[in-house]
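In this text, all values refer to a predicted model and were calculated from it rather than measured experimentally. FYI, side chains are in, hydrogens and waters are out, and symmetry mates aren't considered; it's all heavy atoms of this structure.
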Amino acid sequence: MNYLDGLNDAQKRAVLATQGPISVLAGAGSGKTRVLATRVYHLIREGVRAEEILAVTFTNKAAREMRERVRTMLGDDTSVPFIATFHGLGRELLEKYGSTIGIPRFFSVYDRDDSEKAIGAALKALDVSVKELSPRAVLGRISRAKGEGMRANEFYEKNSRSSFGGRIAAEAWLRYEKTLKEEKALDFDDLLALPVRLLEEHADIRKEAQSRWRYIHIDEYQDTNALQGRLTNMLAAQHKNLFVVGDIDQTIYTWRGATIENLLEFDKTYPEAETIILERNYRSTKNLVDAANAVIAKNKNRKEKYSTTEQGSGEPIVIHIASSAEDEARWIALTIRELMKNGSRPEDIAILFRTNFQSRALEEGLLRAGVPYKLLGTRFFGRKEVKDALAWMRLAMDPSREVDKIRAAAAPPRGIGAVTLGKLAAGQRAALRAGDLAKVETFEQIIEELSVVSDTATPSEFVKVVIEKSGMRRALAEEGSAEDKERFENIEELASVAARYDHVPGKEGIALFLAEAALASDQDELDQGEKTGVTLMTVHAAKGLEFDTVFVSGMEEGLFPHQGMGESPPAGGDRDEEEERRLFYVAMTRAKTRLYLTLARVRKIYGTDSCAEPSSFLADIDESLVDYGEYGKQEPVISARDRARSLLDDDWIIK
């Protein structure tokens, strides 16, 4: 059993515990991904068929990494279990059984941009301006309702006579549902809500799904919401071989519906459950582990867990106070440049920030210092040229999709306007002028040719054919500007991404690829072959990642912890304030070797200069773990926050 070599006792126990419900409380850097992959491999070694195993993770990136790790352990000749995100699992269930509730076989998936545009159109039809009510706010309201299992008609009945916002959201949802149905599309929330409804209302399908997956693994269980919990429990009800892994200390998504109780109360849901704790940190140095332990220990709503490490003490945590956000960014950039001179790779460095507005100053600082970087947030699949190519692909799968038709007709422009397409949609083809009709027929001929190709082509081949036949290559690469050529490189990269599904040719593989494109997260940017450099991202986006060196900027009270937290805590506790602390814990534990915490004496927020108070989180870090550089050579004080405050009070400015 050499595949168990190198595992500690707790990890081995988790791998070998194969029967019944098991919860694994896994601290940061404790090797949970290795445990999950090894357990899947162990089950197959023990005679369980790969097809009977399900593993669910929270990002496409994590699912791919686990799939590759398991495939490597099994060898190329063995089938790999179904490993996907919750949304990927929902898509799988709906593709197989969705016809029972009226879902077409090849449905498209609206990403958030698509959904916001559709909601915007609904609001416009209701004569509501974006100043009165933003599409994003309405979509958020609908999303929360779907997350609670509510349907559009139920929501309308509940809100049709309520406040202006509730009434308009109810009307908009009905119109939005009509648009989705016409476009044979689902949105993110449907991929969870509809499978739950399907299994709850159809006992035969529920039983078939339960029989299919005898062994179920759920990663990041602390961030599951109510619907995900219901789906998990239904699938596990027959065999009860449910293996969940999570860390309550890293619960950072309650604001979008995650319920910490799924993990906190796992042993109440499954009284026979075994609990295993992974406390050894293999990622970070002792100084970093000790500081993170001290920070998270202040939270009350958690299960007791204390991370340890056998690594050396390592470097102290550096706390730097700058005069302004611009000086903070300059200091970070120059420090990174120095690290790079001493051998650090920019890919091993990350700058984390609590809110998106902080990125502007940080980007400017890196540009001036000549430090290469990449900003996570603008998704590869969200770029205009990529969405244009995806629209062509979806049209080839189903030519009736009006939204995709409008987009494809303009990519590149071919003289077919919205009025012409509107007449077609209304069945008024005979009303078109001869010239317009000729353009439409040419456009439709291309779609028909692509549809034929999609029956047999691999996904990557199909992307290349789409680029050619649509005219995008000629418009961008051959006749376009330098900027257009860069856009063309992006759609060329699309073929490389699609190649992941080349083992499933034809419409099946293309549908799998289109689903990944719709469900991609910010972290998937790291896999798209983009330029290398220092990674800038929010702390939320950094979840699950690790870097040799991490900078956490904006360590000021009101910014981190954020001033909006804790103002309206849920009944019975201070959950929101604790979530901010968990978020800081996540930020700290991304670092393997070096951690820099920076703050500014003055920061411009919403156009107003605000004087800083050091973050209250700094009060939890022992003074012995911290270095302030030349400004810190004073007598010890009570805490890192007190030292920072004393430095702020001094009459100096860091140059």
Side-chain angles (χ1 to χ4, degrees), residues 106 108 111 113-114 117 183 185 378-425 429 432-499 501-502 505-507 509-511 513-514 516-518 528-529:
F106 292 117
S108 62
D111 63 20
D113 288 342
D114 296 329
K117 285 179 181 175
E183 291 297 314
T378 303
R379 295 187 298 109
F380 173 79
F381 291 111
R383 290 176 168 87
K384 178 189 179 301
E385 61 276 12
V386 173
K387 295 193 78 167
D388 289 344
L390 293 173
W392 275 102
M393 295 179 72
R394 286 192 295 266
L395 269 185
M397 302 284 280
D398 184 349
S400 68
R401 290 175 171 140
E402 292 300 323
V403 171
D404 289 327
K405 199 174 290 183
I406 292 169
R407 183 163 204 127
R414 57 193 72 239
I416 302 175
V419 173
T420 299
L421 292 172
K423 288 180 180 178
L424 287 175
R429 193 181 191 93
L432 294 178
R433 292 179 299 181
D436 291 334
L437 181 60
K439 293 172 185 176
V440 166
E441 288 174 344
T442 301
F443 177 53
E444 291 173 337
Q445 178 64 31
I446 296 171
I447 296 170
E448 187 176 335
E449 291 171 5
L450 289 174
S451 182
V452 172
V453 173
S454 71
D455 287 331
T456 56
T458 65
S460 64
E461 290 170 346
F462 188 57
V463 171
K464 295 171 185 176
V465 174
V466 164
I467 292 170
E468 281 294 342
K469 285 190 171 293
S470 67
M472 293 182 77
R473 173 187 290 278
R474 185 176 63 256
L476 295 177
E478 297 174 11
E479 300 174 6
S481 63
E483 186 178 348
D484 285 335
K485 286 178 171 60
E486 184 177 338
R487 289 182 178 135
F488 177 71
E489 290 173 1
N490 285 332
I491 56 174
E492 278 191 317
E493 178 64 22
L494 197 62
S496 300
V497 180
Y501 296 95
D502 279 355
K507 282 186 165 61
I510 295 168
F513 166 64
L514 289 171
E516 173 177 335
Q528 301 306 340

Looking only at heavy atoms, which two atoms of Ala457 and Glu461 are closest? And how far apart? CA-OE1, 3.7 Å
Taking Asp111 first and then Lys387, would you say they form a salt bridge - that is, a charged N and a carboxylate O separated by under 4.0 Å? yes
Evaluate the side-chain contact (heavy atoms from CB on, under 4.5 Å) criterion for residues Leu395 and Leu450: first the C-alpha distance (whole Å), next the side-chain angles of each, then the deciding distance (0.1 Å), finally the verdict. CA-CA 9 Å; Leu395 269 185; Leu450 289 174; over 6 Å; no
Value for OH (Tyr501) from CG (Leu514), rounded to nearest 0.5 Å, stands at 10.0 Å
Check: Met472 and Phe488 side chains under 4.5 Å, non-hydrogen atoms: no
Would you mind reporting whether Asp114 and Val403 have side-chain heavy atoms less than 4.5 Å apart? no
Once you round to the nearest 0.5 Å, how far does CD1 of Ile467 lie from CZ of Arg474? 13.5 Å
Does any non-hydrogen side-chain atom of Phe106 lie less than 4.5 Å from one of Ile510? no
Any donor-acceptor pair under 3.5 Å from Arg414 side chain to Ser470 backbone: yes
Is the backbone N or O of Arg401 less than 3.5 Å from a side-chain atom of Asp404, with the two atoms forming a donor-acceptor pair by type? no
Check ion pair Arg433-Asp436 (N to O, under 4.0 angstrom): yes
Main-chain N/O of Ala396 paired with Ser451 side-chain donor or acceptor, under 3.5 Å: yes
Distance col, row Ser454:OG vs Met393:CE, nearest 0.5 angstrom, shows 9.0 Å
What is the minimum heavy-atom distance between Ala391 and Ala408, and which atoms define it? CB-N, 4.5 Å
To the closest 0.5 Å, what do you measure between CZ (Arg394) and CD1 (Ile447)? 13.0 Å
Would you say Val463 and Trp392 make side-chain contact, with heavy atoms under 4.5 Å? no
Hey, what do you get for OG1 (Thr458) to CG (Asp502), rounding to the nearest 0.5 Å? 3.5 Å
The residue among Leu424, Leu421, Thr442 that forms side chain to side chain contact (heavy atoms under 4.5 Å, CB included) with Ile416 is Leu421
Atom pair CZ/CG of Arg383 and Leu390 - distance to nearest 0.5 Å: 12.5 Å
Of the non-hydrogen atoms in Pro459 and Ala498, which two are nearest, and what is the gap between them? CB-O, 3.5 Å
Lys405 and Glu402 ion-paired at < 4.0 Å: yes
Which residue pairs satisfy the salt bridge (Lys or Arg N to Asp or Glu O under 4.0 Å) criterion with at least one member in residues 437-452, sequence neighbours excluded? Arg429-Glu444, Glu449-Lys469
Heavy-atom distance under 4.5 Å between the side chains of Phe462 and Asp455, does that happen here? no
Taking only residues two or more places apart in sequence or in another chain, which ones pass side chain to side chain contact (heavy atoms under 4.5 Å, CB included) with Lys384? Asp388, Arg407
